[in-house]
Amino acid sequence: MKYPETKSPVFTLTAGPVDAYPEVLRALGKTVLYDYDPAFQAFFENVTLKAQKALACDLPPLILQGEPVLALEGAAASLIGKEDVVLNLASGVYGKGFGYWAKRYAKRVEEIEVAYDTAIDPDQVRSFLKENPEVSVVCVCHHDTPSGTINDIDAIGAVAAESGALLLVDAVSSWAGMPTGPTSSQAAVYVTGPNKCLGCPPSLSLVAVSAQGWAKIEGNPDAPFASMLSFTDWKNAWKKTEPFPFTPSVAEINGLDAALDRYLEEGPEAVWERHALTARVCREGIKAMGVDLWPASEDIASPTATAVRMPDGIDAGPVLKEARARYGVSMSAGRAETLGKLIRIGHMGPTAQPAYALLAVSALGGALKASGATVDVAAGLAAAQAAWDAAIDD
Ligand SMILES: *Cc1c(COP(=O)(O)O)cnc(C)c1O
C-alpha cells in the first residue's frame, strides 16, 4: 500500500508551514467579530499584551496582518534609510535574501557571507565593524531554516551595540522553540511569527521594536505609512481606544490568542526543552543510521529543525517523494542553494515531540534505503530511542 499524492499526508513533519495545534484550529472557527466591536478592540489589546509577555519585550509588539515575509520587508523599509550603511550577515538563503531588501533602501550594503553549513563568527563581525564604523544597521537571520543552522544573535547583538549599530533580526523559525528574544539579542527590530514554533497557520507576523528602533523608524522620512508594509500605522493600534489602520485578520487573531495561551500555560522553558529533546533524539537517530547532519558542527544545529545531508549521489527530491509515498510522511526540501542537497525535519510546535523524531528517522531511513543509499535504519531507531530513554530516566 502506498499513500497517493492527491490525498493529504498522514504526518506533516516539515520546517514550515507546520501542523497547527488543535486548540488553534478550534479557535480559528470562532465567531468573526466586527473589528470595531468594543469586545474585539479589547480582545486585540489583550492579545497584544499576551504576545508582549511571551516575547518578554519592553514595548507592546506589532501584530502585522500577513505572514512574516511582510514584516521582514516592512522592517527593511522602515528601519533602513537612504543614509544607512548596512552590514548584512548571510549564512543561508534567508540571510542572503534579506540583503536584497536592504539594498533597496540603504545607501550601501556590505555583506559577510559564510558557507551555508556554518554560522557567522561574532568576532569577524566585531573586526568588520571596527574597520567600518560607518555601519549603522546590522541584519542577521537567527535560524536560517533552509540550512537548519543557528547564528549566535546575542553575541552579534552585543558586538553591534559596542559599535553603536542597530540590530535587525529574523527569528521567525526559532522564537518560541528555543531560548531567544528581542531583549537578550538587544534587537532594534526582532521579526518573528506565530506560524512556526507557536503552531499557527501562516498568516500573521509578530514584531518587537525597541525604543531605539522606534526612534530610528520615526526619524526615517521614507519609512512607509498608509501601507501594508508600515510599522508606524500599527504602532498604537493595539490600544482599544485607537483605530486600526485597516481590518485586522480577525480569525487569525483568535488562533494566535489560543497559541499564546498554550505557550504561556505549558511554560516557555518546558516548550523549549521539548523542542531541544526532539531535535537531540532526531540527530542521534540520523547519525547512528550512518547519515550526516547538514550543519558542519553539531553545536550550531537548530533545536527547531534537523537538516540532513544527502549521501553522495542521492538527490533529496526523490527521497522526499519516497518517504511520502511509502510512509505518508511529509518533510521539507532545501531552498535555493540547499535544494536537493538536504532534507529538513521540523520540530516546531505540535511536532516537537520525541515520538515524531522516531517516526522521522524511520521514514527518512526507509526512503533513503529505497533510493539506494546504505543506511542502517535499525541502528538509527535504537539510538533515537536510547537518547529519549536517557532523557526520561535522567
Ligand atoms: C518561515 C520563515 C520566514 C517566513 O517566510 P516564508 O518563506 O514565507 O515561509 C522567514 N524567515 C525564516 C527564517 C523562516 O524560517
Side-chain angles (χ1 to χ4, degrees), residues 12-20 55 62-77 79 88-102 113-114 116-117 119-120 139-153 156 167-178 180-182 185 187 189-208 228-229 249 252 256 259 275 279 294-295 300-307 330-339 342-352:
T12 295
L13 302 183
T14 47
V18 302
D19 201 0
L55 276 155
L62 301 173
I63 304 174
L64 298 184
Q65 316 303 306
E67 73 99 38
V69 163
L70 173 81
L72 289 169
E73 189 180 347
L79 191 74
N88 189 54
L89 304 175
S91 61
V93 175
Y94 281 97
K96 182 76 183 173
F98 194 85
Y100 300 117
W101 280 319
E113 186 173 9
V114 298
Y116 288 6
D117 57 355
I120 300 288
C139 309
V140 66
C141 180
H142 186 207
H143 169 209
D144 214 305
T145 330
S147 309
T149 50
I150 295 283
N151 284 312
D152 187 346
I153 54 167
I156 292 166
L167 184 72
L168 194 162
V169 175
D170 170 353
V172 175
S173 61
S174 54
W175 179 73
M178 62 183 289
T180 171
S185 57
V189 174
Y190 184 95
V191 174
T192 188
N195 55 318
K196 299 279 167 75
C197 300
L198 215 50
C200 290
S203 57
L204 299 172
S205 303
L206 293 171
V207 190
M228 285 296 281
L229 293 179
S249 311
E252 313 292 354
L256 172 60
H275 284 75
W294 174 261
I300 58 165
S302 171
T304 67
T306 296
S330 177
M331 293 174 283
S332 296
R335 289 272 173 278
E337 310 290 304
T338 67
L339 187 67
L342 58 79
I343 286 176
R344 295 174 295 150
I345 302 156
H347 323 296
M348 296 177 178
T351 56

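Atoms within a ligand are numbered from 1 in the order they appear, just like the ligands themselves.
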Say whether Tyr94, considering both its backbone and side-chain N or O atoms, lies within less than 3.5 Å of an N or O atom on ligand 1.
yes
Ligand 1 N/O within reach of His143 N/O, cut-off under 3.5 Å
no
Could you pull out the closest heavy-atom pair between Ala307 and Pro295, with the gap in Å?
O-CD, 3.7 Å
Taking Ile153 as the fixed residue, which of Thr180, Leu89, Asp170, Ile120 is the one that meets the side chain to side chain contact (heavy atoms under 4.5 Å, CB included) rule?
Thr180
Taking the side chain from [X] and the backbone from [Y], do they hold a donor-acceptor pair closer than 3.5 Å?
| X | Y | value |
| --- | --- | --- |
| Asp144 | Val93 | yes |
| Thr351 | Leu13 | no |
| Thr145 | Ser173 | no |

May I ask you to identify, for Asn195, whether its side chain, its backbone, both or neither come under 4.0 Å of ligand 1 on a heavy-atom basis?
neither
Pull out every atom of ligand 1 sitting under 4.0 Å from any heavy atom of [X], numbered as shown with elements.
| X | value |
| --- | --- |
| Val69 | 5 (O), 6 (P), 8 (O) |
| Ser173 | 13 (C), 15 (O) |
| Thr145 | 12 (C), 13 (C), 14 (C), 15 (O) |

What's the shortest distance from atom 4 (C) of ligand 1 to any protein heavy atom, and which residue and atom give it?
Glu67 OE1, 3.6 Å
Among all protein heavy atoms, pick the one closest to atom 12 (C) of ligand 1 and tell me residue, atom and distance.
Asp170 OD2, 3.5 Å
State if Val191 counts as touching ligand 1 under the rule of any non-hydrogen atom under 4.0 Å.
no
Does ligand 1 have any atom that is closer than 4.0 Å to a heavy atom of Cys141?
yes
Out of Lys196, His142, Arg335, whose heavy atom is nearest to atom 2 (C) of ligand 1?
Lys196
Taking the side chain as everything from C-beta on, heavy atoms only, tell me whether [X] gets closer than 4.5 Å to [Y].
| X | Y | answer |
| --- | --- | --- |
| Tyr190 | Ser185 | yes |
| Glu113 | Lys96 | yes |
| Thr304 | His142 | no |

